[in-house]
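Because the structure is a prediction, the values reported are computed rather than measured.
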Amino acid sequence: MSEGPTLRIGTETSGGDESVPAPVPPDDPEAWYAPDVRAQYESAPGVVATVRERDGGRFGYDVREPPLSPADERALDRVRDRFSAVRHRRPLTRVGVVERAERGFDPKYAEAIDRLVDASAAARRRIDYHALREFRLLGELTPIALDDRIAVADVGDERELVVHTETFAPLETGIDADADYVERVAAERLAQYAVEFAGLAVDVVVYRERLLGSDAFETKYAVLEPDLLPGDEALIEECKSRIWETTVSDVVEDRESFVAARARRFLSRRLTARNTRAWLDAAAYRARAALAERGLVAPPVDSRFARDRLDDLAYYILRDLVGEGILTVPIRDPHLEDVEANRVGERVKVVPRASVLSETAEEATAGGEAGVDADPPAAGERVPTNLSFDDETTFVNVVTGIAARDGTELNASTPSAKVNLELNGVPQTIRCAVALPVISEGGPHVSIRKQRADALTPVDLIERGALSVDLVTLLWLLYEHRGVVLFAGPTGVGKTTLLNAHAPFIPFDARPVSVDEGSREVRLPHETGVSLTTRDHEDAYKSVGMAELMTEANYLNPSIAY
């Protein structure tokens with residue numbers, strides 16, 4: 001038998017025999033087995049990114065995600081059937097994608113998947129990755145958002161998403177520039193914090209999109225309300241109907257506690273009953289528990305509902321019955337100056353305070369955080385939110401509810417009003433202008449302006465560039481010599497802010513009197529302050545005119561009147 005040919009790898013032979021060079025990393029230009037590969041690395045656990053050189057000196061960016069076996073595909077299809085009917089809230093920025101990917105599924109999602117998937121640990125990791133990518137992250141754009149080597153994402157000349165890494169640019173991804181969530185790949189977070197409502201914390205994000213041509217507004221404000229599982233919306237509506245029909249024998253002094261207690265009791269019963277009716281799941285649970293006692297399988301997951309699901313459902317019920325609908329969080333957000341909703345189907349607009357954005361930018365710059373721009377939006381800039389009224393009935397209910405908080409009943413004869421809100425746990429006066437569709441062409445509208453919880457000082461105004469040192473000095477001299485100062489200007493220019501900043505300079509023995517409805521926003525650091533209003537809340541049919549107020553103020557013999 002003749003000896004076959006010999007292949008020598010990684011050695012150089014004498015006599016001029018050809019040999020195959022030793023293996024080298026794929027990004028080595030001498031790699032014989034991948035001549036067009038310039039880089040290859042793990043961009044996320046289980047995800048491999050590859051940079052290839054294409055014709056004409058261009059570069060392409062490809063990813064390989066965890067592969068699925070036929071059994072894994074069938075399990076993932078069951079998850080799709082379960083969650084495809086629900087609208088899922090995706091992360092708004094790259095930082096949000098990374099945080100959610102590291103955190104994984106919330107308990108209520110994990111419990112639902114546990115009921116649908118029975119697989120090995122490795123298969124479950126692959127299924128969880130694809131389910132998380134498809135329903136909780138950015139779909140096909142997820143690997144790009146998770147790759148920390150990508151520094152820039154933009155739209156190419158051929159309406160294709162291109163990315164830039166530290167070493168290669170531009171990289172063609174093959175993803176259409178009009179794909180879903182493509183604008184979020186390059187978005188950066190400006191601020192994130194939580195707003196308290198009814199004992200629950202709701203996250204808020206202010207972010208900036210960097211993809212050209214995606215929206216007229218670059219900076220946006222988003223309320224991250226809890227996600228809902230299939231069937232939750234119907235359950236919420238049923239619970240609200242039950243609460244409305246509840247018979248009350250005594251006076252309800254605390255509406256929030258009353259609604260919260262009954263909502264949680266009803267929801268607990270309904271969620272437990274749903275799990276009980278799933279007899280097949282219950283039987284499987286008992287069988288797995290029996291096997292687990294003998295050490296044959298892992299213990300099953302608790303068959304009752306996840307703890308966070310009850311809080312999520314209770315939030316929506318309290319938001320609609322106790323709060324102000326979709327405006328509940330913006331109204332209670334201390335970092336907002338203005339909130340306005342003008343039309344049905346149009347995004348609610350807000351004006352964030354410059355302080356929260358500048359402080360976040362300074363912290364990010366000092367900490368060297370990537371992806372956060374140190375140049376915050378200009379003060380007073382209106383930004384859109386992810387909130388909007390879907391129908392006029394809901395909008396009208398919110399508008400009339402806000403007016404009723406201050407003792408005003410909106411109807412055909414009184415279609416608009418200016419009211420002040422004083423909410424429990426909110427240390428600031430909220431001034432609202434509301435109107436019904438009777439006088440508003442595009443339907444009802446509401447405009448809300450909020451006074452700061454803590455008054456600014458003259459030094460704060462100087463540092464912000466709102467006042468000059470010379471003007472503050474002049475005002476100080478006028479106060480010392482009992483001069484007359486008039487603060488005048490259009491709405492929203494800062495008259496009340498300026499007045500509150502200089503109120504501490506009023507002599508301690510003066511008797512100031514505050515007149516008109518805006519007096520609740522004036523903070524007098526004196527024990528002699530008197531506040532008058534043009535409406536008698538004890539009698540809805542009696543109103544007090546400004547002339548009567550001025551007469552009353554004269555009888556009080558004030559030293560200073562507002």
Side-chain angles (χ1 to χ4, degrees), residues 334-338 351-359 361-362 375-381 418 420 422 426-431 433 447-534 544-562:
H335 302 101
L336 296 182
E337 289 185 357
D338 296 332
V351 178
R353 299 190 188 278
S355 57
V356 62
L357 300 177
S358 60
E359 290 172 2
E362 291 174 0
D375 185 17
E381 178 182 347
K418 293 182 179 180
N420 289 343
E422 293 184 356
V426 180
Q428 57 187 0
T429 300
I430 303 172
R431 187 170 52 190
S447 179
I448 300 170
R449 183 165 183 84
K450 301 189 294 182
Q451 191 69 22
R452 290 180 56 94
D454 52 335
L456 296 176
T457 66
V459 176
D460 294 332
L461 297 175
I462 293 174
E463 292 178 348
R464 294 169 183 265
L467 290 179
S468 65
V469 177
D470 295 339
L471 181 57
V472 171
T473 304
L474 176 60
L475 291 175
W476 197 329
L477 291 174
L478 288 172
Y479 301 144
E480 287 291 329
H481 295 280
R482 300 183 180 273
V484 177
V485 180
L486 174 65
F487 298 99
T491 301
V493 297
K495 301 185 299 296
T496 305
T497 301
L498 186 62
L499 179 60
N500 282 329
H502 291 86
F505 296 107
I506 298 175
F508 72 95
D509 57 343
R511 179 169 182 165
V513 175
S514 182
V515 180
D516 199 1
E517 295 181 14
S519 62
R520 278 183 268 183
E521 299 181 18
V522 180
R523 298 179 178 84
L524 299 175
H526 301 282
E527 298 180 4
T528 57
V530 178
S531 184
L532 303 178
T533 179
T534 58
V544 181
M546 184 58 66
E548 297 175 275
L549 279 181
M550 297 305 297
T551 302
E552 295 291 338
N554 289 331
Y555 280 120
L556 292 172
N557 190 24
S559 301
I560 302 172
Y562 301 97

Heavy atoms of Ala501 and Pro504 approach each other most closely as O-CD, 3.6 Å
Residues at least two apart in sequence or cross-chain that pass side-chain hydrogen bond (donor to acceptor under 3.5 Å, both in side chains) with Ser468, listed by chain then number, are none
Residues passing the side-chain contact (heavy atoms from CB on, under 4.5 Å) test with Val469, sequence neighbours excluded, are Ile462, Thr473
Applying side-chain contact (heavy atoms from CB on, under 4.5 Å) to Asp338 and not counting sequence neighbours gives Val351, Arg449
Sorted by chain and number, sequence neighbours left out, side-chain contact (heavy atoms from CB on, under 4.5 Å) with Val485 holds for Leu475, Leu478, Tyr479, Phe487
So CG of Leu474 and CG of Leu467: to nearest 0.5 Å the spacing works out to 11.0 Å
When every non-hydrogen atom of Val472 is compared with those of Pro458, the smallest separation belongs to CG1-CB, 3.9 Å
